[in-house]
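This report concerns only the one structure given below.
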Protein chains: 2
Amino acid sequence: MTVDGNAESRRLPTPCAGIPIEQMQFVRQILDRIGDKWTLLVIAVLADGPRRYTDVHNDIGIISQRMLTLTLRQLHQDGLISRTAYAEVPPRVEYALTPLGHGLRDIVTALIDWAADHYDEIRANRERTAT
Amino acid sequence: MTVDGNAESRRLPTPCAGIPIEQMQFVRQILDRIGDKWTLLVIAVLADGPRRYTDVHNDIGIISQRMLTLTLRQLHQDGLISRTAYAEVPPRVEYALTPLGHGLRDIVTALIDWAADHYDEIRANRERTAT
DNA sequence: CGGGATCCATTAGGATACTG
DNA sequence: CAGTATCCTAATGGATCCCG
């Protein structure tokens with residue numbers, strides 16, 4: 001913040017991939033969320049349809065209850081997923097992507113595809129330089 | 001790796017967004033790298049051309065020397081960026097995306113665009129549920 | 001200029017046990 | 001089933017000083 005003197009001199013020469021300096025702060029905020037250990041995977045799991053708590057837990061496999069709960073809660077607070085609790089016994093809670101979340105889904109899918117496609121290459125590089 | 005017993009029973013019913021269980025491990029590995037605090041931003045900075053160490057440092061702004069160095073080193077080891085040191089005085093080192101890195105660039109750009117586009121919406125959701 | 005080395009605080013995140 | 005609560009460790013990341 002408080003970057004400019006007069007409006008004339010604000011447009012710096014491509015400061016960062018065309019991102020204005022002021023945007024950097026919240027890009028970082030979003031990226032912090034996106035980039036935590038489980039968020040992307042949870043979104044990936046919900047990508048092809050609503051899932052119950054336990055389903056998500058099983059799909060991801062090694063996530064702890066605690067982290068799953070926290071991740072789901074944050075995604076819900078950000079409005080990326082919906083939470084629907086059915087008053088049954090035993091209780092049933094379904095999580096699903098919201099329209100907002102769907103936008104992220106495509107990107108996440110692209111990211112995962114990329115990771116899958118280039119994993120071998122990356123690992124080869126990693127091992128070569130580790131020698 | 002070494003997950004299956006016999007090849008017959010491997011194909012589980014849509015385990016996770018179409019990702020086979022075995023892939024989850026390295027998807028997680030890639031995502032761990034991608035999703036750390038600075039990697040995406042560094043890639044974003046390098047997206048529109050080679051940059052020197054100090055340039056990257058200034059563009060991102062609040063990253064510490066230590067984290068910038070570590071992030072650049074990891075990206076280099078993974079083969080996502082190149083490192084070119086010119087034998088001058090004072091020394092000059094330029095970092096640039098490799099072809100492999102360019103693939104990620106498009107996704108990163110999409111992610112950042114998405115973050116910028118929906119930041120207001122997300123923050124509104126966040127504040128509403130924080131009441 | 002472009003880092004490396006060290007020390008330290010914070011935090012993320014796992015394990016376990018318990019609950020409506 | 002779908003969480004909460006507590007404890008505790010490992011990892012992240014910042015600050016500082018130093019070096020070629």
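Values below: all heavy atoms of this structure, side chains included; hydrogens, waters and symmetry mates excluded. Residue numbering restarts at 1 for every chain, and letters A, B, ... go by the order of the sequence lines.
- A cation-pi geometry, defined here as NZ or CZ lying under 6.0 Å from the six-membered ring centre and within 45° of its normal, holds between R92(A) and Y86(A).
- Put simply, Y95(A) has a side-chain N or O that comes within less than 4.0 Å of OP1 or OP2 on dG3(D).
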Heavy-atom protein contacts under 4.0 Å, nucleotides 6-20 of chain D, coded B base, S sugar-phosphate only, - none: -------BBB----B

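- Of all nucleotides listed (dG3(D), dG4(C), dC1(C)), dG4(C) comes nearest to the side chain of R73(B).
- Between the D55(A) side chain and the R51(A) main chain, no donor and acceptor come within less than 3.5 Å of each other.
- Straight-line distance from the CZ atom of R83(B) to the C1' atom of dC1(C): 12 Å, rounded to whole Å.
- Side chain of Y53(A) to backbone of Q65(A): a donor-acceptor contact under 3.5 angstrom is found.
- In this view, H118(A) and W114(A) satisfy the ring pair (Phe, Tyr, Trp, His ring centres under 6.0 Å) rule, not counting sequence neighbours.
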As a quick check of understanding, evaluate side chain to side chain contact (heavy atoms under 4.5 Å, CB included) for L80(B) and L104(B), giving each step before the final call. CA-CA 8 Å; L80(B) 293 173; L104(B) 239 193; 4.1 Å; yes

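- Atoms CG (L72(B)) and P (dC1(C)) sit 16 Å apart, rounded to a whole Å.
- Rounded to an integer number of Å, the gap from CZ of R33(A) to P of dG13(C) is 12 Å.
- End-to-end axis angle for the helix from dC1(C)-dG20(D) to dG20(C)-dC1(D), using five pairs per end and rounding to 10°, comes out at 60°.
- Remark: P of dG13(C) and CG of L41(A) are 12 Å apart, rounded to the nearest angstrom.
- The heavy-atom pair separating I107(B) from A110(A) by the smallest distance is CD1-O, 3.5 Å.
- Closest non-hydrogen pair, I81(B) versus T98(B), comes out as C-CG2, 3.5 Å.
- Counting to the nearest Å, the P atom of dA2(D) and the CG atom of D55(A) are 7 Å from each other.
- Listed nucleotides: dC1(D), dG3(C), dG3(D). Nearest to the side chain of V93(B): dG3(C).
- Side chain to side chain, D36(B) and T39(B) meet the donor-acceptor criterion of an N or O pair below 3.5 Å.
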Quick one, L72(A) with R83(A), criterion side chain to side chain contact (heavy atoms under 4.5 Å, CB included). Give me CA distance, side-chain angles, the key distance, then yes/no. CA-CA 9 Å; L72(A) 288 171; R83(A) 194 196 112 110; over 6 Å; no

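- Among the heavy atoms of the strands, none lies under 4.0 Å from Y86(A).
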